[in-house]
Amino acid sequence: MQSPPSPRLLLLLALALAALLAFLTSTPTAALHHYAASSSSPARALLVPQQPRTQHRLTLRAVREDASSATPANDDDLYPLQDAVLLPDWEVLVLLHPAAPESSSSSNATCAFPGGAASPARSLGRMPASGRQAYTCAMPRPKRRRNKPFRAPRLVTTTTAPSSESQSQQSRSPRSEMMLRWSGRLVYDAVALPGTGDVLVLAKGVNPRQGVNRPASDVQCVYYRHNAAGDGVVASLPAATSAQQVFRCPAPPATAGDLRVTLAVAGGEPIPSMATYSPPAAASGGGSSSAQNKNNKKVVMCACTMVRDVAKFLREWVVYHAAVGVDRFLIYDNGSQDDLEGEVRQLSAAGFDVSTHVWPWPKTQEAGFSYAAAAHRDSCEWMAFVDVDEFIFSLRWAESSRPSKSSMLRSVVAAVEPDVGQVTLGCKDFGPSGQTKHPEEGVTQGYACRRRAEERHKSVVRLDALEPSLMNSIHHFEVRPEFRWERSRQARVNHYKYQAWDEFKVKFRRRVSTYVADWTDPVNHGSKDRTPGLGFEAVEPEGWAHRFCEVEDTLLRDATRRWFGVGFSNRQIQGRSYRLHT
């Protein structure tokens, strides 16, 4: 008679069966599919049947945190496109439909938050690409203490002559959506480019590291409708370029009505978006000035800058550069609260071609310059990207009795070969020059002592020579392979960088570049963007007024006094009054 199995053998059999059971119940399905497919045993093939492959379907789940509460888009809701995003420092940006009623003044607009809290809203004007009306307001303090996520406010405006329709629209209280967050991934704007038919989509968080750009093949451009019936994808197309915060996309098929646009990255769900798409013929220019770019006729030389609260510096910068050869000025306003619009109106009335363009997005200077280069390609041959404390100057101009629009700055670009797509200009950095407050005669005449070394450069670019990606580092752009850069031997930039302390300390508020740390952040202490000898707080160092003075340089001071008078006072040149102060 056969002896029964030993306890040891039974234990081993039990352990083996337990291991097999654990394997069958815990192995991922994909691994089991592979295992079954690689086995020659029919029994094993039937054990885990292969599931049919299904095509990935875009659900747009991440585009809106609360799609079910979207403002209805039907005949009873006149202006469905309203978006809100929470910016840094508890600032809320609200964008309305281009056709929504306008407030008679910024004091007549209010952000009404769910639960009864409210705060005054300030009108910024119209967005340059979409024509949507932009307002900002502060999130009320009681709302800041609540846990995330935040509900979006509803903008309430009073029009100059309210119609029954607009009054009815304002009386309705659509359910509030979740507010978008600037701190995460976000598609924030888009523009359809005339001529090429391409669409520039601007998004943060996709390429978060400087110099590291995700391949365009990883990015899909998703056009969709967003309304009460739900989110519906109209088209999903591969991106052509991916660089920094700028993505060049094909246009969607011709279709009627408003579309949204977002990006899907590396096969994932589309990311949150507040960007809209309109065909080029329907897109609004978004700029504001009496000139409105003089019928948009193409000119030789434009100057582009991004500003915040620099109204008192603008006139000197425009007057000077117009005299030496700039035809048109494009001012991208990054949230100014001074009288910038008033200054622009005065300059336009005096005959200068100056326009402002709303640009409320924080720390997006590179994307703003990419947008400007693409949007104005058909109206500007060359574009100088310089700040309002930077003045292009040449030693050859120093002895001229008067400025020349045709033979100064234009001669710098006329002198280069046809394959030069970018002219770089070295920067001379001027110090406080003994000043303890803003000089009444202006920066070019008030600061006359500078550092010896050159550390940076700025550029004048030929817009049709730029790479399709529009990649830039603020100081220069990438150009197409058939073009090259050239360093100018004629001209330089006088950069009035280190001004009187009360003016200079404003730089501690927030840097505008995407990839440059704010000066209050305790990182990158040795960065060239930072000022030697300063810490992380806006505390005036001892002897500031006399720092950075290694070379006495009065060339531009003397030239502007000769051309415009002391303080740019009452001098008529080319039929214009160049008075600096009114």
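Computed over heavy atoms, backbone and side chain alike; hydrogens, waters and symmetry mates excluded.
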_Would H438 and F313 count as a side-chain contact (heavy atoms from CB on, under 4.5 Å) here? Give the steps._
CA-CA 10 Å; H438 176 62; F313 301 102; 3.4 Å; yes
*Check the pair R185, L263 against side-chain contact (heavy atoms from CB on, under 4.5 Å), reporting the backbone distance first and the verdict last.*
CA-CA 10 Å; R185 279 185 171 187; L263 301 176; over 6 Å; no
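Counting non-hydrogen atoms of other residues, nucleotides and ligands closer than 6.0 Å to NZ of K437 gives a total of 12 or fewer. The number of heavy-atom neighbours closer than 6.0 Å to CD of E482, taken from other residues, nucleotides and ligands shown, is above 12.
The shortest heavy-atom contact between Q244 and N213 is N-OD1, 2.8 Å. Closest heavy-atom contact between C449 and E552: SG-OE2, 3.8 Å. Residues G543 and R547 come closest through the heavy atom pair O-CG, 3.3 Å. Of all heavy-atom pairs between Y332 and W359, the closest is CD2-CE3, 4.1 Å.
Remark: side-chain polar atoms of Q490 are not paired, donor with acceptor, to backbone N or O of S394 under 3.5 angstrom. Under a 3.5 Å cut-off, the side chain of E316 and the backbone N or O of T444 do form a donor-acceptor pair.
Using a 4.0 Å cut-off between a side-chain N of Lys or Arg and a carboxylate O of Asp or Glu, E454 and K428 qualify as a salt bridge. For R410 and D327, the salt-bridge test passes: some basic side-chain N is under 4.0 Å from an acidic carboxylate O. A salt bridge links R315 with E343: the closest approach of a Lys/Arg side-chain nitrogen to an acidic carboxylate oxygen falls below 4.0 angstrom. Checked for salt-bridge contact, E390 and R456 miss the test: no charged N lies under 4.0 Å from a carboxylate O. A salt bridge links D553 with R492: at least one charged nitrogen is closer than 4.0 Å to a carboxylate oxygen.
By the ring pair (Phe, Tyr, Trp, His ring centres under 6.0 Å) test, Y223 pairs with Y277, sequence neighbours left out. Judged as a side-chain hydrogen bond (donor to acceptor under 3.5 Å, both in side chains), and not counting sequence neighbours, Y447 has no contacts.
Side-chain atoms of D189 and S130 form no donor-acceptor pair, as typed in the model, at a separation below 3.5 Å.
With respect to V85, the side-chain contact (heavy atoms from CB on, under 4.5 Å) criterion is satisfied by exactly one of R181, M274, E91: M274.
Side chains of S379 and R328 form a contact here, defined as non-hydrogen atoms less than 4.5 Å apart.
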